[in-house]
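Quick one: the structure is below, and I'll ask about it shortly.
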Amino acid sequence: MKIRAFSIAAACACVLFAQTAARADLVTISGSGTWGADAPVSDYSAPGSLWSFSFDVPDPLDANPTSTAFNFQYFLDGSLVNTTLSSVEFFPLEPGGLFDLNFDDGNTLNFYGDQVYTDPGLSLIPGTYAAIIDINSFAGLPNGSGSGTVTIATTVVPEPSSIVSGGLGLLALAFWRLRRSVV
């Protein structure tokens with residue numbers, strides 16, 4: 001009886017530990033909106049077209065604050081744009097806030113709005129932000145326009161040790177169940 005109680009307690013502890021031992025070191029950033037009537041026709045923009053994107057970045061951000069993105073997708077009018085994102089460059093409020101999406105083909109989508117990271121620390125601030133978008137806005141010259149929202153949400157990524165602990169908990173439950181059926 002004592003072995004059964006111990007086995008159940010150990011299994012429950014392992015499962016609970018596995019659920020609570022997660023780290024929030026990735027942040028998902030997504031956004032959607034509409035290009036304005038003055039937007040140029042390109043792979044990324046067109047007048048009146050709908051845009052949306054999503055990607056994950058480390059939190060806190062890498063230094064500069066420029067970051068590598070993971071799981072990037074960009075859609076124009078619901079169609080996936082086949083492109084490679086080289087970096088995401090975040091800005092303080094003074095030069096316009098939000099960030100630029102820099103692509104390998106030399107194009108850049110510029111998002112303007114609030115500053116979305118702490119200074120110092122470079123930790124992203126979860127929330128939904130109003131955004132103005134343009135494309136290839138080099139030297140402060142806007143090229144097309146659009147508007148929408150950008151959402152920053154924390155993503156929970158399990159620690160490898162929590163996966164092992166959860167597995168051990170399940171093994172303990174299986175062992176207890178097997179032992180119970182034999183006795």
Side-chain angles (χ1 to χ4, degrees), residues 20-159:
T20 59
R23 66 177 194 256
D25 64 353
L26 284 181
V27 169
T28 299
I29 299 178
S30 60
S32 61
T34 306
W35 282 102
D38 62 341
V41 176
S42 74
D43 290 342
Y44 304 95
S45 62
S49 292
L50 300 175
W51 55 267
S52 64
F53 68 85
S54 68
F55 59 89
D56 299 328
V57 293
D59 187 24
L61 297 170
D62 300 336
N64 298 334
T66 300
S67 184
T68 303
F70 306 95
N71 306 317
F72 176 77
Q73 293 186 319
Y74 179 77
F75 296 89
L76 184 63
D77 280 335
S79 296
L80 180 64
V81 175
N82 187 16
T83 187
T84 302
L85 185 67
S86 60
S87 68
V88 181
E89 187 175 1
F90 292 84
F91 295 99
L93 187 57
E94 186 57 36
L98 285 179
F99 50 83
D100 287 351
L101 301 179
N102 302 308
F103 300 100
D104 280 351
D105 64 6
N107 286 295
T108 300
L109 291 179
N110 315 101
F111 293 86
Y112 304 98
D114 291 332
Q115 178 175 325
V116 295
Y117 63 90
T118 61
D119 189 15
L122 302 179
S123 293
L124 289 163
I125 305 167
T128 300
Y129 302 90
I132 302 296
I133 184 175
D134 66 22
I135 185 169
N136 299 328
S137 203
F138 305 117
L141 303 172
N143 186 8
S145 66
S147 62
T149 59
V150 170
T151 301
I152 299 175
T154 302
T155 304
V156 176
V157 178
E159 290 278 359

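The analysis underlying the following values was restricted to heavy atoms, covering all of them including side chains, and did not include hydrogens, waters or symmetry mates.
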The criterion is side chain to side chain contact (heavy atoms under 4.5 Å, CB included); which residues satisfy it with Pro95, sequence neighbours excluded?
Phe91, Pro92
Asn82 atom CG, neighbour heavy-atom count above 12 within 6.0 Å:
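Open.
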So, for Phe111 and Phe99, is the gap between ring centers shorter than 6.0 Å?
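Distance test on ring centres: under 6.0 Å, yes.
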Which atom names give the shortest non-hydrogen contact between Val81 and Asp43, and what distance separates them?
CG2-O, 3.4 Å
Phe103 versus Phe72: any side-chain heavy-atom pair under 4.5 Å?
yes
By side chain to side chain contact (heavy atoms under 4.5 Å, CB included), Ile132 pairs with (sequence neighbours left out) Tyr112, Ser147
Using atom types as modelled and distance alone, determine if a side-chain donor or acceptor of Trp51 lies under 3.5 Å from a backbone N or O of Gly31.
no
Ala131 versus Val150, closest heavy-atom pair with distance
CB-CG2, 3.8 Å
What heavy-atom pair brings Asp38 and Ser145 nearest, and what distance separates the two atoms?
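In this case the closest contact between Asp38 and Ser145 is OD1-OG, 2.9 Å.
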Considering non-hydrogen atoms only, spot the tightest contact between Asp77 and Ser49 and give its length.
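Nearest pair, atom of Asp77 first, then Ser49: OD2-OG, 2.9 Å.
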Within the structure provided, determine whether Asn71 and Phe55 are in side-chain contact (heavy-atom separation under 4.5 Å).
no
Pairs flagged by side chain to side chain donor-acceptor pair (under 3.5 Å) wherever residues 113-125 is involved - sequence neighbours left out:
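Every pair satisfying side chain to side chain donor-acceptor pair (under 3.5 Å) with a residue in residues 113-125: there are none.
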Tell me the closest heavy-atom pair linking Asn136 and Asn110, and the distance in Å.
N-OD1, 3.4 Å
Does the side chain of Leu98 come within less than 4.5 Å of Val116's, by heavy atoms?
yes
Within the 3.5 Å criterion, strictly below it, is a donor on Asp100 or Asn102 matched to an acceptor on the partner's side chain?
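Not at all, the side chains of Asp100 and Asn102 share no donor-acceptor pair under 3.5 Å.
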Would you call Ser32 and Phe75 a side-chain contact if the rule is heavy atoms closer than 4.5 Å?
no
Over all heavy atoms of both residues, which pair between Ala37 and Pro47 is shortest? Give the atoms and the distance, please.
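Distance-wise, the nearest heavy atoms are O-CB, 3.6 Å.
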